[in-house]
Amino acid sequence: MRLPRVHLRLASTAAVRLHPPPSGAISHEVRDKKEWQLELEQHIARGQLAIARQVFDRIPSPDARAYNALIRAYSWRAPFHAAIDLYRSMLHSRVPPNKYTFPFVLKACSTLADLRCGRAVHGHAAAAGLHTDMFVSTALIDLYIRCARFGPAANVFAQMPMRDVVAWNAMLAGYAQHGMYQHAIAHLLDMQGHGCLRPNASTIVSLLPLLAQHEALSQGTSIHAYCLRACLDQKEEQVLVGTALLDMYAKCKHLVYACRVFYAMPVRNEVTWSALIGGFVLCDKMVQAFSLFKDMLAQGLCFLSPTSVASALRVCASLSDVRMGTQLHALLAKSGIHTDLTAGNSLLSMYAKAGLINETMALFDEMAVKDTVSYGALLSGYVQNGKAEEAFLVFKKMQACNVEPDVATMVSLIPACSHLAALQHGRCSHGSVIIRGLAIETSICNALIDMYAKCGRIDLSRQVFDKMAARDIVSWNTMIAGYGIHGLGKEATTLFLGMKNQGFAPDDVTFICLISACSHSGLVTEGKHWFNMMTQKHGIPPRMEHYICMVDLLARGGFLDEAYQFIQSMPLKADVRVWGALLGACRIHKNIDLGKQVSRMIQKLGPEGTGNFVLLSNIFSAAGRFNEAAEVRVIQKVKGFKKSPGCSWIEINGSLHAFVGGDQSHPRSPDIYQELDNILIDIKKLGYQADTSFVLQDLEEEEKEKALLYHSEKLAIAFGILSLGEDKTIFVTKNLRVCGDCHTAIKYMTLVRKRAIIVRDANRFHHFKNGKCSCGDFW
DNA sequence: TTAGGGTTAG
């Protein structure tokens, strides 16, 4: 019998004959072989593989049994290719492999995901008529599944004359590992129906992660009931089954059941603990997650694993508790697991999210092994801390180090373009995802929609949206929010109706996007309508964020008293952000009395962040009460709140130019200031009057006028006028809200310089053209 | 059996 020709390195041994086992009288040589075999197996049993190999090499002519013993030993531990090498030399020595050889060499191929070699072995087994043997077939299924070849795996399974639970489980594990939910369920039913076999612990442990992934709680509960009936929770696999059940409940966000399983388990391991801690993190129960982590440590360090530490570090990042995170870093170092890649990446993420750039970089440089996730953690940390330019540098470094960006990397990077409002960077990133074949991904498209909207190209956002293969709730919300910041409330409403027509159920975020879109467009009645519909028709209870939107809608629309009444009637106690929305509108509408009342409320609550201090101070300044304004700023300083300096920037030919108020650091500053002085003369002729109520300092009128003239957004616009051709639209981005005087002045600028100007501020877009602004002065 | 970086609003 000739073996078929194979294509790999095994090809050189193609002409191997399979002989029947030697028979005849037991000779002295046979007895010797028995002794060799005994010695060989003893060393293997003790795990002394190097000595076992020396023994093997001394055997005068090793037989299949000797080969099988060593191949089997090699197939269980690295280096796995030793098993394949030995199999190759077995063929070379013309010792015929048998049904005990093939499963183990196939296991080595499977572990190494070496499909070509595995196929060759499949050929050998078929030539020997052993490919339908139960153990050989099961090993073949494992191999094909591991290499994601479901067709060949199913063929092998179909050709088996007899199948045991292990064979059924091998196929099921394959479906489960590749997320093939329907196949897995059908296979399980078939196993019990046609196969007349009862699922065992391995079946359950394979299936549960798949149910968890699909949040199939009711099927998971049925499986739990089966486990109890089959007493699978009482045998030695109890830890595996119990942990898999617990994890399924946790992933289905059913923490009560997860805890119940956890506390009923007589024995737990490190996986059990980390699964439950991870469940609490998933459900955003950060304090409880950390408390459980501490309980685990109290039981002993033996339960500490990179996985549980990763969850604990997510808690630290989420609670912005760097001190706790640093203590965990020390604990990791002490336990010797700080070199673990998962643990290292979690630490990186914790430091990056906390904005501790030096610590992040130091750790990153220390890491001996870095992967895509390490770079992703660093990159997203920069983006989340508003350091978009640094994020681009990480991306460049990543490419220089040949680390391939994936979906998550690009989803992190694209918002960096939005933050900079750098359209050219955004377009490059769009090109980059197309080249990498990632443009089909829903999450990538969502990030692109957001990026184009924030870079002023709502038309390109819509193009991406229209071409998407599959949309999720985030896609719809992002597009509605995009229309909102462009003041296109009608379009936002139309899209919302289209969303419902296509069968998408809006969520709480949808209504935040929709109501704020109405607010930016002055659609007060519509906004109120959708707020009522949210609870009455969609059964979504309003959160604090919805109340903020409503107060913003009413107050910005000029209905200050109604907004005040609305706050009074809220079922929740209004927080600083709600009052802040009203205070902002008091400033716009110059209602000093109500402003004072609101500011007293804010003082009682204690201002959070910096916005309200600034607003309050501005209100006092606008009323000419400069001493009180200064006092607010002193309180702000004493309490340690920093005010972000107003900053505006403009992209010219792919380079960003940033300005702060009164900035003279730009190389073209003299020209910019000259241009602004000229503009002031021209716009005054058209009737512009500086609104000095926006000047915070107690200065003379003329000085106030100059202070306004050199606001950051005006400097950036003047630089744009000098740098761009007359037909080009000037696009400026500001980190804070555009000031009221600038808003008026820019309208005049479009007339005297005959330019279209777009300003994106912290709140929305302002499209200035022919002396008007798209916001209709609802700014 | 667990797990690290990710998109919307405020």
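So that the names make sense, note that chain A is the first sequence line, chain B the second, and so on, each numbered from 1. Keep in mind it's a predicted model, so treat the numbers as computed, not measured.
- A donor-acceptor contact under 3.5 angstrom links the side chains of A:Tyr181 and A:Gln219, judged on distance only.
- Base contact: A:Ala408 has a heavy atom under 4.0 Å from a base atom.
- Side-chain contact check for A:Thr442 and A:Asp472: no donor-acceptor pair (N or O, by modelled atom type) lies under 3.5 Å.
- Here A:Glu441 lies out of heavy-atom contact (under 4.0 Å) with every strand.
- For the 3.5 Å distance criterion, the side chains of A:Thr478 and A:Asn446 fail to qualify, holding no donor opposite an acceptor.
- Among the protein residues, A:Ser311 comes within range of no part of the nucleic acid, since none of its heavy atoms lies under 4.0 Å from any strand.
- Within 4.0 Å of A:Ser443, counting heavy atoms only, lies at least one base atom of the nucleic acid.
- Using a 4.0 Å heavy-atom distance criterion, A:Thr372 is classed as a base contact.
- Among the protein residues, A:Lys370 comes within range of no part of the nucleic acid, since none of its heavy atoms lies under 4.0 Å from any strand.
- For the residue pair A:Ser318/A:Arg314, the side-chain donor-acceptor check at 3.5 Å is not satisfied.
- Nucleic acid contact for A:Asp406: base, since at least one base atom lies under 4.0 Å from a heavy atom of the residue.
- Base engagement by A:Val407 is indicated by at least one non-hydrogen atom pair under 4.0 Å involving a base atom.
- Side-chain contact, A:His430 with A:Tyr452: a donor N or O sits under 3.5 Å from an acceptor N or O.
- Taking the six-membered ring for Trp and the full ring otherwise, A:Tyr257 and A:His254 have centroids separated by under 6.0 Å.
- Contact annotation for A:Arg314: backbone-only contact, meaning every heavy-atom pair under 4.0 Å involves sugar-phosphate atoms and none involves a base.
- A side-chain donor-acceptor contact under 3.5 Å links A:Asp507 and A:Thr510.
- Read 5' to 3', the first and last nucleotides of DNA chain B with an atom closer than 4.0 Å to a heavy atom of chain A are B:dT1 to B:dG10.
- At the heavy-atom level, A:Leu341 lies under 4.0 Å from base atoms of the strands shown.
- At least one side-chain heavy atom of A:Asp508 sits less than 4.5 Å from a side-chain heavy atom of A:Arg543.
- Among the protein residues, A:Val205 comes within range of the sugar-phosphate backbone only, with heavy atoms under 4.0 Å from sugar or phosphate atoms but none that close to a base.
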Result block: side-chain N/O donor-acceptor pairs under 3.5 angstrom for residues 301-312 of chain A, not counting sequence neighbours:
unit_1	atom_1	unit_2	atom_2	d
A:Ser305	OG	A:Ser308	N	3.3
A:Ser305	OG	A:Ser308	OG	3.3
A:Ser308	OG	A:Ser305	N	3.3
A:Ser308	OG	A:Ser305	O	3.1

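- Across all strands, A:Asp508 comes closer than 4.0 Å to no nucleic acid atom at all (heavy-atom distances).
- Within residues 469-485 of chain A, the residues approaching DNA chain B are A:Val474, A:Asn477, A:Thr478, A:Ala481, by heavy-atom distance under 4.0 Å.
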